[in-house]
Amino acid sequence: MQRALLGILIGMGVSSPASADRGVELHHFLRQVYANHPFFDQQEMNAQIAEQQQRAYAGAEDWVVVANPGYQYRERSAGNGFFAEKDAQFGARAGVEREFWADGSRLALNYDYHYLDQQYPSSLNTLEEHSHGLNLSYSLPLLKNRGGVLSRLAYELQAYEVDVAAIQADEVQEDFLAQRALAYLDWVWLHEQYRIANNRLLLAEEELQRSQQKRRARLAAEVDVLRAQDAVITAQQARQRIAAQHQALQIWLATESGDETLPQATPAFDLYRTDAPPSLDEVLATMTIESRLLKAIDLRLGQAQQELDGLENQTRPELDLVLGAGLASEHPDFNDSYDLDQPQYSIGFNFRYPLGQRTAKADVSRARLQQQQLRQQRANVLLQLAAQMRQLHAQMTVLLDVLALNQRQIDIAKQKTEEELRLHNQGRSELTFVIQSRDNEQNAQLAYAENAATYQRLWLQYQSLSDRLLGDVRGLQGE
């Protein structure tokens, strides 16, 4: 039966858990997952997308080229000699303009050309004129948008989105790695189950051989042989079931990590190494400072405050200083119209203030409520994280005592098996009690292994909750 099972596993390209000769450590497996799984590149793109959106907002500060050519022709009634009977005009404006976020000002430089051709009916006189102008205009906000607060608001708010997207991507990647690490621990647990089941099978086969020898020597009844055979079959079934689960999980882990050789390997992990949980007070203090979830909310709070500052700026009256300066020239002859010898300048103010300010005030109130909501969310998240960490710490502390009891239980089960075997060899006890004792010993070992696996899962959850798992894997990746 053993050879048949081994042949099936080899034929499917997966080795028996006991026959693999290469060990895979947890950090090596997670490093393979991080390097090969497309999920991580996908998540990294979230921050890149948010960064490109921020760059799109920066286009508002680019220089803008403008051009406005146009032609107009009109004819009027000849009854009025004071107006031109025919009027033809051509105009063109070309220039550049830009907004400066440092102070919210706007600068525009334009060159204008205008051509006028008019014909009057009284004397059929023709008026032709060419004019040129070079104009520089500058506006500066004095109240609303002073210092360019509103001009660069969208860009600066998007900067928070970039940082939040990066943190959220790390958090999702951390959870993804934690799930794969838990699957690795399941692999370790199944491998240990197989080892225990295989040892139980070997003992059952030894017991069967001993019973057969005793039967041939007429020292045992036929029922003892049958009981020993039943124990062997039961042990074979248990080992085969575990081997099938082990094989299926190996294939999945190999796919997730991109390691095609993993099905021919075994986990290199000390299941029974139980590091004591760290100080709870120290963990909680560190978590308050370093938690990604709290950092993301803090960024949202900063974003909300900046949005609130911008909305409060919106409630101010709009008062802009407007300056203009330029040179102009005009002449009937096109060739003589380029002199630009006529200086021009202007100064003025633009004022605008909507009465009531209902929209702006409502936006400010909304932003303040959202800020309060974020503070409550932060307190709630901190409370949940602390509760989870305390729960993990309590479970790990109790499990350490349970594991010590498991070890004591295994020692007692072994001693009991030795005693039952001694009594059976002396003919003072039935084989049934030996088989039961060996089963109890196996169950004690399985309970110890299961509790050890549970402890390792809790330790892994602690690392993930402390946001250490992804950082450790990235550090190994950079080596």
Side-chain angles (χ1 to χ4, degrees), residues 24-62 152-187 249 251-262 286-304 306-307 374 377-378 381-382 384-385 388-389 457 459-479:
V24 177
E25 296 179 344
L26 174 59
H27 71 270
H28 174 78
F29 168 74
L30 293 179
R31 185 168 52 185
Q32 291 290 99
V33 173
Y34 184 79
N36 297 324
H37 205 289
F39 178 82
F40 296 93
D41 288 338
Q42 171 197 344
Q43 293 302 316
E44 293 293 340
M45 289 180 182
N46 290 334
Q48 296 174 12
I49 291 171
E51 186 177 354
Q52 292 303 318
Q53 180 61 49
Q54 185 187 23
R55 292 182 179 180
Y57 288 124
E61 204 180 15
D62 291 342
R152 59 180 181 271
L153 181 61
Y155 179 87
E156 292 178 347
L157 291 179
Q158 185 63 26
Y160 289 97
E161 296 293 338
V162 175
D163 294 337
V164 170
I167 290 177
Q168 290 176 341
D170 285 350
E171 188 66 17
V172 172
Q173 292 177 59
E174 179 96 24
D175 292 341
F176 189 88
L177 279 177
Q179 293 301 319
R180 273 65 192 166
L182 287 173
Y184 174 92
L185 291 179
D186 290 340
W187 182 30
L249 184 56
I251 293 173
W252 186 83
L253 293 174
T255 303
E256 290 293 297
S257 64
D259 185 358
E260 297 179 355
T261 65
L262 190 142
T286 303
M287 183 181 63
T288 304
I289 300 173
E290 299 182 356
S291 169
R292 290 195 200 98
L293 293 177
L294 295 179
K295 287 181 179 179
I297 297 176
D298 289 339
L299 284 171
R300 290 296 186 195
L301 281 168
Q303 184 184 43
Q306 187 155 1
E307 182 185 13
L374 284 170
Q377 182 184 0
R378 190 186 193 282
V381 170
L382 180 58
Q384 291 182 6
L385 289 174
Q388 293 177 35
M389 188 61 73
R457 293 187 186 99
W459 182 262
L460 180 65
Q461 292 175 30
Y462 156 74
Q463 288 183 299
S464 179
L465 192 61
S466 302
D467 296 333
R468 296 182 179 181
L469 191 60
L470 179 62
D472 291 344
V473 172
R474 282 178 173 168
L476 292 170
Q477 196 72 15
E479 292 179 356

Contact check, side chains of Tyr155 and Gln54, non-hydrogen atoms, under 4.5 Å | yes
Any side-chain heavy-atom pair of Trp187 and Val24 under 4.5 Å | yes
Might you point out which heavy atoms bring Ala178 and Ser464 nearest each other, and give the distance in Å?
-> CB-OG, 3.7 Å
Do you know which two heavy atoms are closest between Ala183 and Trp252, and how far apart they sit?
-> CB-CZ3, 3.6 Å
Mind checking the CG-CZ spacing from Asn36 to Arg31? Nearest 0.5 Å is all I need.
-> 11.0 Å
Output yes when a side-chain donor or acceptor of Glu174 lies under 3.5 Å from a complementary backbone atom of Leu470, and no otherwise.
-> yes
All side chain to side chain contact (heavy atoms under 4.5 Å, CB included) counterparts of Gln53, not counting sequence neighbours = Ala56, Tyr57, Gln158
Side-chain heavy-atom pair Ser466, Met389 within 4.5 angstrom cut-off = yes
In Å, rounded to the nearest 0.5 Å, how long is the span from CD of Gln377 to CG of Leu374?
-> 6.0 Å
Out of curiosity, Leu299 CG to Ile167 CD1, how far, rounded to the nearest 0.5 Å?
-> 4.5 Å
May I ask you to decide if the ring planes of Phe40 and His37 are parallel, tilted or perpendicular, using 30° and 60° as cut-offs?
-> perpendicular
Under the criterion side chain to side chain donor-acceptor pair (under 3.5 Å), which of Gln48, Gln42, Glu44, Gln43 is the partner of Asn46?
-> Gln43
Going from CG on Asp467 to CG on Leu293, what distance comes out if it is rounded to the nearest 0.5 angstrom?
-> 6.5 Å
Leu262 to Ser257 - nearest heavy-atom pair and separation | CD1-OG, 4.1 Å
Could you walk me through whether Lys295 and Asp170 pass the salt bridge (Lys or Arg N to Asp or Glu O under 4.0 Å) check?
-> CA-CA 12 Å; Lys295 287 181 179 179; Asp170 285 350; over 6 Å; no
Can you tell me how far the CD atom of Glu161 sits from the CD atom of Gln303, to the nearest 0.5 Å?
-> 4.5 Å
Apply side chain to side chain donor-acceptor pair (under 3.5 Å) to Gln461 and Gln388, showing your working.
-> CA-CA 10 Å; Gln461 292 175 30; Gln388 293 177 35; over 6 Å; no
Minimum side-chain heavy-atom gap Asp298-Leu301 below 4.5 Å = yes
Side chains of Asp259 and Leu253 in contact at under 4.5 Å (non-hydrogen atoms) | no
Nearest atoms (heavy-atom pairs only) where Leu460 meets Ala181 = CD2-CB, 3.2 Å
Rounded distance (nearest 0.5 Å) linking atom CG of Leu30 with atom NE2 of His27 | 9.5 Å
Check whether NZ of the Lys or CZ of the Arg Arg180 lies under 6.0 Å from the centre of the six-membered ring of Phe176 and within 45 degrees of that ring's axis.
-> yes
If you look at every heavy atom in Leu294 and Met287, which pair is closest and at what distance?
-> CD1-O, 3.9 Å
